[in-house]
There are 2 protein chains.
Amino acid sequence: MKIGELASMAQCTVETVRYYEKEGLLPVPARTTANYRSYGKPHVERLCFIRNCRALDMTHEEIRTLLDLLDLPSEDCSGVNQLLDAHIGHVDVRIAELSQLKEKLVELRLACRTEKSVDQCGILRGLAVVETAPRDHRETHLG
Amino acid sequence: MKIGELASMAQCTVETVRYYEKEGLLPVPARTTANYRSYGKPHVERLCFIRNCRALDMTHEEIRTLLDLLDLPSEDCSGVNQLLDAHIGHVDVRIAELSQLKEKLVELRLACRTEKSVDQCGILRGLAVVETAPRDHRETHLG
DNA sequence: GCTTGACCCTGAAGTAACTTCAGGGTGTTG
DNA sequence: CAACACCCTGAAGTTACTTCAGGGTCAAGC
Ligand SMILES: [Zn+2]
Ligand SMILES: [Zn+2]
Ligand SMILES: [Zn+2]
Ligand SMILES: [Zn+2]
């Protein structure tokens, strides 16, 4: 099959497929005489695998690790478990960060219940406060 | 004061300060005879404002909107409220997304309680399933 | 006088995971 | 044989920065 069909089977764009190839996530496919990429069932499976991982917000690095494990079928799968646990950790960290953020935002929002002029707005005043919080090291890749 | 002092007062790097200037978030400062940037108190306040907004994960576009409002002190501040409500929405959407993600990840993790060989791993099998979920339009800028 | 070191300057390139664009080939259908 | 859908490559744009290369400024110490 050609790239457009592959892409639609995995619900992504042809550009994304070509990008994954360039990144080494998808193997380089055979070409037709017209220089079109030619794919088969294994490519569909691998691309779906990648897209599912991306839908779970894994990085390409994480996906690459899983794909490497997938290519050694006889190994034991503890590496898979470790990676999944770590990634669940990434999600947990980000949820915690955002929950804290939301608290602060809601508190800030309360500083302006009645609409005043800009130079008296409690929100803008709150944002102008000098805080001493250096951005610390991130333990998640989720933005 | 010079750029290093400004940066340390706002807990960021000098590169970040120069970047904000290039982006138009900070006004271009005066220069010393040695061509060094020279800042005053208003710059400190504006930079702290920006850093606080960034600590709340606002985009530069959102911050730019707030700064523009800040520069019209006599206007009423309903725009500020709207922006904050919208941004709280962005955070809410992302928290909901991540919570769903986490559910799926935990479920997937349960598919491999005992460590098997890779080609029998329930996790990898779960990830290989073809799903029909086209990535829909994002209503948050939070990654 | 001279060197060392901390600080400053510019402009370009790298990061993640794509998307968009420019400019052009292929192949089927009417 | 022209229109149109589909394919190709390589480069640049996206966000919010960071890193790097290559070079100037200035105060202190020998
Ligand atoms: Zn992860
Ligand atoms: Zn207000
Ligand atoms: Zn927002
Ligand atoms: Zn397993």
Side-chain angles (χ1 to χ4, degrees), chain A residues 1-26 28-39 43 47 50-65 67 87 90 94 134-138 140-143, chain B residues 1-26 28-39 43 47 49-67 87 90 94 134-138 140-143:
Chain A
M1 83 190 67
K2 285 183 285 181
I3 196 170
E5 195 181 344
L6 173 66
S8 73
M9 288 183 81
Q11 301 278 13
C12 69
T13 69
V14 304
E15 288 84 8
T16 299
V17 175
R18 286 196 283 250
Y19 175 65
Y20 288 162
E21 178 185 331
K22 195 162 49 179
E23 286 296 285
L25 293 177
L26 280 177
V28 297
R31 298 282 183 136
T32 69
T33 54
N35 199 31
Y36 289 3
R37 288 171 179 82
S38 178
Y39 297 99
H43 294 95
L47 180 55
I50 296 170
R51 291 308 290 173
N52 284 332
C53 290
R54 287 295 300 133
L56 294 169
D57 267 1
M58 292 183 196
T59 64
H60 282 190
E61 196 53 41
E62 287 170 326
I63 297 170
R64 212 182 304 274
T65 303
L67 288 172
H87 184 61
H90 301 157
R94 187 54 177 158
R135 287 268 228 184
D136 50 350
H137 178 60
R138 314 261 351 250
T140 178
H141 53 81
L142 301 169
Chain B
M1 82 189 71
K2 286 184 285 182
I3 195 170
E5 196 182 343
L6 173 66
S8 73
M9 287 184 80
Q11 301 277 15
C12 69
T13 69
V14 304
E15 289 83 7
T16 300
V17 175
R18 286 196 282 252
Y19 175 65
Y20 288 163
E21 177 184 331
K22 195 161 51 180
E23 287 295 287
L25 293 177
L26 282 177
V28 297
R31 297 283 182 136
T32 69
T33 54
N35 198 31
Y36 290 2
R37 289 171 179 82
S38 178
Y39 298 100
H43 294 96
L47 180 54
F49 186 95
I50 296 170
R51 292 307 292 172
N52 284 331
C53 290
R54 287 295 301 135
L56 296 169
D57 267 2
M58 293 183 196
T59 64
H60 282 191
E61 196 52 41
E62 288 170 325
I63 298 170
R64 211 181 303 274
T65 303
L66 286 182
L67 288 173
H87 184 60
H90 301 157
R94 186 55 176 157
R135 285 266 227 185
D136 49 349
H137 179 59
R138 313 260 355 250
T140 178
H141 52 82
L142 302 169

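Source: prediction; values computed, not measured.
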- Task: Using atom CZ of B:R18 as one end and atom P of C:dT10 as the other, report the distance to the nearest whole Å.
- Result: 7 Å

- If you check the B:Y20 side chain, which of D:dC17, D:dC8, C:dC18 turns out closest? D:dC17

- Task: Figure out the NE2/P separation between B:H141 and D:dT15, and round it to whole Å.
- Result: 12 Å

- Message: Just checking A:Y20 against A:H43, ring centres under 6.0 Å apart?
- Response: no

- Message: The side chain of A:T59 is closest to which nucleotide in this list: C:dA17, C:dC9, C:dT26?
- Response: C:dA17

- Task: Answer yes or no: is there a side-chain heavy-atom contact under 4.5 Å between B:H90 and B:H87?
- Result: yes

- Please tell me which of the listed nucleotides, D:dT18, D:dA16, D:dC7, lies nearest to the side chain of B:H60? D:dA16

- Taken to the nearest whole Å, CD1/A:I3 to P/D:dC6 is 13 Å

- Message: Measuring to OP1 and OP2 of D:dT18, would you say a side-chain N or O of B:T13 lies under 4.0 angstrom away?
- Response: yes

- Task: Considering just the side-chain nitrogens and oxygens of B:R37, establish if one lies under 4.0 Å of OP1 or OP2 belonging to C:dT10.
- Result: yes

- Would you say B:R138 reaches D:dT15's phosphate, i.e. side-chain N/O to OP1/OP2 under 4.0 Å? no

- Query: Looking only at N and O atoms, is any donor in the side chain of A:Y36 or the base of C:dG25 less than 3.5 Å from an acceptor on the other one?
  - Reply: yes

- Does the side chain of B:H141 come under 3.5 Å of the side chain of B:E61 through a donor N or O and an acceptor N or O? no

- Message: Quick check for you: among C:dC9, C:dC18, D:dC17, whose closest atom lies nearest to any side-chain atom of B:Y19?
- Response: D:dC17

- Item | Toward the 5' end of DNA chain D, by each residue's nearest nucleotide, B:E61 or B:A34 | B:E61

- Which whole-number value in Å describes the distance from B:Y39 OH to C:dC9 C1'? 12 Å

